[in-house]
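Read the structure below first, then the notes.
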Amino acid sequence: MSSLKFEAAVTEILPRSRNVKSFRFKRPEGFDFKAGQYIVVTIAVQGEDVSKPFSLSSSPTEEGHIEFTKKLTGHVFSNALDSLEVGDVMMISGPYGKMSFEGEHERIALLSGGIGITPMRSICKYCTDMGLDTDVILICSDRSEEDMVFQAELDEMICQNHGLHVFQTLTRASDAWKGTRGRINAAIIENKVPDYRDREFFICGPPAMLGSMLEMLHSIGVDDKKIKKESLTGY
Ligand SMILES: Cc1cc2nc3c(=O)[nH]c(=O)nc-3n(C[C@H](O)[C@H](O)[C@H](O)COP(=O)(O)OP(=O)(O)OC[C@H]3O[C@@H](n4cnc5c(N)ncnc54)[C@H](O)[C@@H]3O)c2cc1C
């Protein structure tokens, strides 16, 4: 799959949470990608072109548009992106990345930390739209209820795809939260993914989350060959 470089105008901006927004573009002809891959986006920041990688949160099955989803950090690049409006243009190149899924495995487990949910949304949507038999367990870790993104979409996918199971854990949940608390750990994996030794794992999140997930999976005997990962370097 060769990569393309193209100019793209923003067609839609979708608020996803208090500090997360999705940016959509018309999908150019010939732009093929695999669920889980990323693009590199270039915008002008204080007069200079700055490029950053973003996972595609859209699925290859969504033919009309491509989408990336940014956590707004208040830093310079983030602010420049957040100031863009529908019709504004940026350079996009891609696709890149090896943490992708096209139905190669019967059972997969997706572990996401924060905005690391973006490629997982793409994979879940791909499996659902393609009607794949793949059994997918997605475990998302976020700070609080306000930081959860794509919940409504994932709920909709669960209704269509009986092989998709989604679990949420929160590290700073409100008192009202009745679900799991804390980071993803061995006990959560053993409980929610009892067949973890026979699954392929996909992990995406900030570097520290990725490191601790790898250590934890190795400690319970998951073979490194069964783990695909994407580190959201830059946080
Ligand atoms: C493969 C890949 C996929 C990714 N996918 C996503 C994704 O889907 N969604 C997403 O949101 N991110 C994703 N990222 C991370 C993304 O590329 C950015 O690095 C990240 O969003 C931080 O961007 P920013 O706007 O805060 O950048 P910047 O403004 O460049 O800030 C980057 C860092 O620099 C420091 N910094 C910047 N300005 C200041 C300042 N004024 N004072 C002090 N410190 C400062 C901060 O530590 C900050 O965290 C991905 C990264 C990789 C490698």
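Ligands are counted one by one from 1 in listed order, and the atoms in each one are counted from 1 as well. Starting from 1, each residue takes its place in the sequence as its number.
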Heavy atom to atom 27 (O) of ligand 1, shortest distance: which of Arg121, Lys52, Lys21, Glu230 holds it? Lys52
Sub-3.5 Å donor-acceptor pair from the side chain of Lys5 to the main-chain atoms of Met91, do we have one? no
Taking heavy atoms and a distance under 4.0 Å, where does Thr118 meet ligand 1: side chain, backbone, both or neither? side chain
Per-residue contact class, Tyr38 against ligand 1 - non-hydrogen pairs under 4.0 Å: side chain
Side chain to side chain contact (heavy atoms under 4.5 Å, CB included) evaluation trace for Phe167 with Ile137: CA-CA 8 Å; Phe167 299 101; Ile137 299 176; 4.0 Å; yes
Using a plain distance cutoff, I'd like to know if Phe77 has any nitrogen or oxygen under 3.5 Å from a nitrogen or oxygen of ligand 1. yes
Tell me which part of Ser231 gets within contact of ligand 1: side chain, backbone, both or neither, using heavy atoms under 4.0 Å. backbone
Could you see which bit of Thr73 sits under 4.0 Å from ligand 1, with heavy atoms only: side chain, backbone, both or neither? side chain
Just by distance, with hydrogens left out, do Ser57 and Arg121 show a side-chain donor and acceptor under 3.5 Å apart? no
Considering Pro53, Gly97, Ser55, which one's heavy-atom position lies nearest to atom 52 (C) of ligand 1? Pro53
Should the proximity of Thr69 to ligand 1, defined as any heavy atom under 4.0 Å, be assigned to the side chain, the backbone, both, or neither? backbone
Ile115 heavy atoms within 4.0 Å reach ligand 1 at atoms 9 (N), 10 (C), 11 (O)
Do Ser144 and Arg18 touch side chain to side chain, with heavy atoms closer than 4.5 Å? yes
Strictly below 4.0 Å, N to O, side chains only: are Asp147 and Lys71 in salt-bridge contact? no
Going by heavy atoms, is Phe68 under 4.0 Å from ligand 1? no
Taking only Lys NZ, Arg NE, NH1 and NH2, and the carboxylate oxygens of Asp or Glu, determine whether Asp223 and Arg197 approach each other closer than 4.0 Å. no
Aromatic plane relationship, Phe68 with Phe25 - under 30° parallel, 30 to 60° tilted, over 60° perpendicular: parallel
Carboxylate-amine/guanidinium contact Lys34 Glu104, below 4.0 Å: no
Check each of His75, Lys70, Gln37 against atom 23 (O) of ligand 1 and report the one with the nearest heavy atom. Lys70
Pairs of nitrogen or oxygen atoms closer than 3.5 Å, one from Val76 and one from ligand 1: do any exist? yes
